[in-house]
Amino acid sequence: MKNLRLAGQAPGRDRSVIEVAGVRIGEGLVVMAGPCAVESEDQIIRSAVAVKEAGAAMLRGGAFKPRTSPYAFQGLGLKGLKLLDKARRETGLPIVTEVIDTRDVSWVGEYADILQIGARNMQNFSLLREAGKAGKPVLLKRGMHATFEEWLNCAEYILAEGNGQVILCERGIRTFETYTRNTLDLSMIPAVRAASHLPIIVDPSHGTGILGMVEPMSLAAVAAGVDGLEIEVHCDPSSALSDKDQQLDPASFGRLMDKLRRLRAFMDELEAAGAADAAAGDAETGAADATERAGAGAA
Ligand code: PEP
Ligand code: MN
């Protein structure tokens, strides 16, 4: 891919690991979980405690919600950020939260551990530049109409401002299929791993919009080599003010986390066995070559 001077992978270059308050994204599997939006103190604290207990490494939650209708719940703004800060102090979980306006980047960055740029803003170049100057890690979601190349070029905008802490997030794209909310493009996991050194995570909640699909698509993402997942979990999904049909309850999330841990351990075993097989294959080829050379020398 042309012009990916900073986001592109180069021969011999290690994959980037982004460290956020002790959490290393790009190593193992990092799960970020929490409600779609911060709604109240009780809701965010209960949700944060639940995801922490289940083993999530980070808390997600929107204080600024980009909604289809201007009359829908838009988020609590500053009050929501303060509640996230309280949830962080109570659980120790670092926070990922969305910023939607260039004017807000610096002060939202005072609350967020990771600034999220949502799908609808992926190509908001002023916002990307501002986030690049904020000195905070940035989670860049794929735009719903964006190609792989457009998405990586948006990461390049942030990197070009001197901010190397970029995490990519596949969250589904618009296709002719309307059964699912979006078409979750898991082929982006190996695509990113081949073309870029940046970590790649998947959001199966917005990616499908269907509760029963969150678990299978999360597991599929892990099988495809994802670095992390961003999953919507609400302490009481039926009362959620946004995205109520796709948010897991704490018990389902706990069961999913258990399966994720087991699958991840199995994938590590598989990778280790593959590496051992490859090494044994190399040794065998080496021995065969040596025998051949010795034979040629004797002839
Ligand atoms: C979100 O994660 O809260 C969100 C709005 O997601 P997206 O930008 O992917 O639609
Ligand atoms: Mn949502």
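Quick note: numbers below take in every heavy atom, side chains included, and nothing from hydrogens, waters or symmetry partners. First listed ligand is number 1; within each ligand, the first listed atom is number 1.
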### Message
Using a 3.5 Å distance criterion without hydrogens, assess whether the side chain of E39 forms a donor-acceptor pair with backbone atoms of L241.
### Response
yes
### Message
Taking R5 first and then E156, would you say they form a salt bridge - that is, a charged N and a carboxylate O separated by under 4.0 Å?
### Response
no
### Query
Does K141 reach ligand 1 with a nitrogen or oxygen that is under 3.5 Å from one of the ligand's nitrogen or oxygen atoms?
yes
### Message
Regarding ligand 1, does E230 bring an N or O atom to under 3.5 Å of one of the ligand's N or O atoms?
### Response
no
### Query
When rounded to the nearest 0.5 angstrom, what distance separates NE2 in H234 from SG in C36?
9.0 Å
### Query
In E232, which N, O or S atom comes closest to the Mn ion (ligand 2)?
OE2
### A119-ligand 1 polar pair, N/O distance under 3.5 Å
yes
### Query
CG/L248 to CG/L211 distance, rounded to the nearest 0.5 angstrom?
5.5 Å
### Query
With respect to the Mn ion (ligand 2), what is the nearest N, O or S atom of D243?
OD2
### Query
Of all the atoms in ligand 1, which lie at a distance below 4.0 Å from a heavy atom belonging to G118?
8 (O)
### Query
At the Mn ion (ligand 2), what angle lies between atom NE2 of H206 and atom SG of C36, rounded to 10 degrees?
160°
### Task
Identify which of M144, M32, E98, R60 has a heavy atom lying nearest to atom 3 (O) of ligand 1.
R60
### Summary
Heavy-atom closest pair (P35 atom, Q43 atom, distance to 0.1 Å) is CB-NE2, 3.3 Å
### Task
State, to 0.1 Å, how close L76 and S40 come at their nearest heavy-atom pair, and which atoms those are.
CD1-N, 4.2 Å
### Query
Can a non-hydrogen atom of R142 be found less than 4.0 Å from any atom of ligand 1?
no
### Message
Under a 3.5 Å distance rule, please check whether R15 uses its side chain to pair with a backbone N or O of L198 as donor and acceptor.
### Response
yes
### Summary
among protein heavy atoms, the one nearest atom 9 (O) of ligand 1 is R171 NE, 2.6 Å
